[in-house]
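Just so it is clear, the values below take in all heavy atoms, side chains as well, and ignore hydrogens, waters and symmetry mates. Chain letters run A, B, ... following the sequence lines, proteins first and then strands; every chain starts at 1.
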Number of protein chains: 2
Amino acid sequence: MGLTKTEMFTDKQNEIALFSKVFGHPARVAILQHLFKIDSCVCGDLVNEIGLAQPTISQHLKELKHLGLIKGNVEGTSVCYCINPENWTKMKDTMLQFLNQDVSNKEDCC
Amino acid sequence: MGLTKTEMFTDKQNEIALFSKVFGHPARVAILQHLFKIDSCVCGDLVNEIGLAQPTISQHLKELKHLGLIKGNVEGTSVCYCINPENWTKMKDTMLQFLNQDVSNKEDCC
DNA sequence: TTAATTCATTGCAATATTACGATTAATATT
DNA sequence: AATATTAATCGTAATATTGCAATGAATTAA
């Protein structure tokens, strides 16, 4: 059907899925990596840095902003984007709980 | 267009996106968490555990298997699924590199 | 052999995502 | 004011994803 049944899962599971979903596109991964690499904030150079059209980048930025992973500040005609460190850390904690599940006793199963 | 332009990104960026994409659905998160929780392997109880139809679960398992995160062993009429610990660890390393980017100098930007 | 069980596959409908041209909104420059 | 610059939004086309009923394949039980 194309409609994810979020109501049958826990809040945590849905949260992990939402964060993962936003990382599920290489353009958004690239945007975030670039924002980390460039210490100072970056505006629409992302359009040049990544090879996608301006509306496409703008759309990806919107999703990242919606999840709180980046902040955007208007500076004249351009907009300065950067990582939101608090929310990045919170996201990381959630994801690490999921990724760090104990793998040690899974060796001889199946 | 709906067609992700993977060729304009690095292998690493695409890899991160692929792993993230598979975690981008709560059913797959729930399946993985259940496989971690149940030390011994689990077969089609996943259909009961999670509330989705058998073909749907089967499809999610297929994607997890395709990325190498789980293994499946036929045992009679049922199939036993479990975490693939080696690949899980490899995936974790890749994801951690991405998640652990330094956030410390992002405080006063924008 | 026949029936039952378990799971994969197929086919399809509904919805979501990706990408971009065209346009709009906001500010800056002249 | 008129123009330029930058980025958001709208509209739309192409493709992907999700979910399940129906079916098929493989094994086991009778």
Side-chain angles (χ1 to χ4, degrees), chain A residues 1-9 13-14 17-32 34-35 41-67 70-82 110, chain B residues 1-9 13-14 17-32 34-35 41-67 70-82 110:
Chain A
M1 277 179 218
L3 211 178
T4 299
K5 299 188 168 177
T6 54
E7 76 281 0
M8 46 178 28
F9 302 102
Q13 287 165 342
N14 283 318
L18 279 181
F19 282 132
S20 297
K21 204 182 224 174
V22 93
F23 299 144
H25 194 291
R28 290 189 290 263
V29 172
I31 288 172
L32 290 166
H34 195 250
L35 289 180
C41 302
V42 170
C43 329
D45 330 83
L46 286 163
V47 176
N48 301 318
E49 182 70 19
I50 305 174
L52 294 167
Q54 180 265 320
T56 308
I57 296 292
S58 194
Q59 197 173 304
H60 285 308
L61 286 168
K62 190 181 179 184
E63 292 179 62
L64 291 168
K65 199 172 168 186
H66 184 249
L67 270 194
I70 63 174
K71 307 187 264 190
N73 250 36
V74 179
E75 290 185 356
T77 62
S78 62
V79 177
C80 170
Y81 280 104
C82 60
C110 291
Chain B
M1 278 177 220
L3 210 178
T4 299
K5 300 187 166 175
T6 55
E7 75 282 359
M8 48 179 26
F9 303 103
Q13 287 166 341
N14 283 316
L18 280 179
F19 282 131
S20 297
K21 205 182 223 173
V22 94
F23 298 144
H25 194 291
R28 291 190 289 263
V29 171
I31 288 173
L32 289 166
H34 195 250
L35 288 181
C41 302
V42 170
C43 329
D45 331 80
L46 285 163
V47 176
N48 301 319
E49 182 69 21
I50 305 172
L52 294 167
Q54 180 266 319
T56 307
I57 296 292
S58 192
Q59 195 174 305
H60 285 309
L61 287 168
K62 191 181 179 183
E63 292 179 62
L64 291 169
K65 200 172 168 186
H66 184 250
L67 270 193
I70 63 174
K71 307 187 264 190
N73 251 36
V74 178
E75 287 185 359
T77 62
S78 63
V79 177
C80 168
Y81 281 104
C82 60
C110 290

Taking every heavy atom of Leu32(A) against every heavy atom of Phe23(A), the minimum-distance pair comes out as CD1-CE2, 3.5 Å

For Thr4(B), side chain to side chain donor-acceptor pair (under 3.5 Å) partners two or more places apart: His25(A)

NZ of Lys62(A) versus C1' of dT9(D): gap in Å, rounded? 7 Å

Nearest-Å distance for atom pair CD/P, residues Glu49(B) and dC7(C): 14 Å

DNA chain D nearest-nucleotide lookup for Val79(A) and Glu63(B): closer to the 5′ end is Val79(A)

Mind calculating the distance between CD1 (Ile57(A)) and P (dT9(D)) to the nearest angstrom? 15 Å

Using whole Å, report how far CD1 of Ile31(B) lies from C1' of dT18(D). 13 Å

Applying the 3.5 Å cut-off to both distances, the Watson-Crick or G-U partner of dT12(D) turns out to be dA19(C)

Nearest heavy-atom contact between Thr6(A) and Asn14(A) is O-ND2, 2.9 Å

From CG of Leu64(A) across to P of dT18(C) the rounded distance in Å is 11 Å

Hey, can you pull the residues of residues 19-30 of chain B with a non-hydrogen atom under 4.0 angstrom from DNA chain D? Lys21(B), His25(B), Arg28(B)

side-chain contact (heavy atoms from CB on, under 4.5 Å) partners for Glu49(A), two or more places apart: His34(A)

Classify the nucleic acid contact of Thr4(B) as base, sugar-phosphate or nothing, counting any heavy atom under 4.0 Å across all strands shown. sugar-phosphate

Quick one: list whatever passes salt bridge (Lys or Arg N to Asp or Glu O under 4.0 Å) with Glu63(A), sequence neighbours left out. Arg28(A)

Measure CZ/Phe9(B) against C1'/dT18(C) and give the value in whole Å, please. 11 Å

Reading DNA chain C from 5' onward, which residue's closest nucleotide shows up sooner: Met8(B) or Ser58(B)? Ser58(B)

Below the 4.0 Å mark, does dT17(C) have OP1 or OP2 next to a side-chain nitrogen or oxygen of His60(A)? no

Could you work out, with side chain to side chain donor-acceptor pair (under 3.5 Å) as the rule, every residue matching Glu75(A), not counting sequence neighbours? none

For Lys65(A), what residues pass the side-chain contact (heavy atoms from CB on, under 4.5 Å) criterion, not counting sequence neighbours? Ile70(A), Tyr81(A)

Are OP1 or OP2 of dT6(D) and a side-chain N or O of Tyr81(A) less than 4.0 angstrom apart? no

Restricting to nitrogen or oxygen on both sides, can you table the protein-nucleotides 20-24 of chain C pairs closer than 3.5 Å?
| residue | atom | partner | partner atom | Å |
| --- | --- | --- | --- | --- |
| dC20(C) | OP1 | Lys5(B) | NZ | 2.6 |
| dC20(C) | OP2 | Ala53(A) | N | 3.0 |
| dC20(C) | OP2 | Thr56(A) | OG1 | 3.2 |
| dC20(C) | N4 | Gln59(A) | OE1 | 3.4 |

If you assign each of Thr6(A) and Gly44(A) to its closest nucleotide in DNA chain D, which residue comes earlier from the 5' end? Gly44(A)

Ile50(B) CD1 - dT18(D) P separation (whole Å): 14 Å

Results of side-chain contact (heavy atoms from CB on, under 4.5 Å) for Ser58(B) - residues two or more places apart only: Gln54(B)

Closest heavy-atom pair and its distance - Leu52(B), Ala27(B): CD1-CB, 3.8 Å

How many angstroms lie between atom CD of Gln13(B) and atom CD1 of Ile31(A), to the nearest 0.5 angstrom? 10.5 Å

Taking all non-hydrogen atoms of both residues into account, name the closest pair between Phe9(B) and Ile50(A) and its distance. CE2-CG2, 3.7 Å

For atom NZ of Lys65(B) and atom P of dC7(C), their distance in whole Å: 12 Å

What does the list of N/O pairs under 3.5 Å between the protein and nucleotides 27-30 of chain D look like, with a distance for each?
none

For Val74(B), give me all partners under side-chain contact (heavy atoms from CB on, under 4.5 Å), at least two apart in sequence or on another chain. Val79(B)

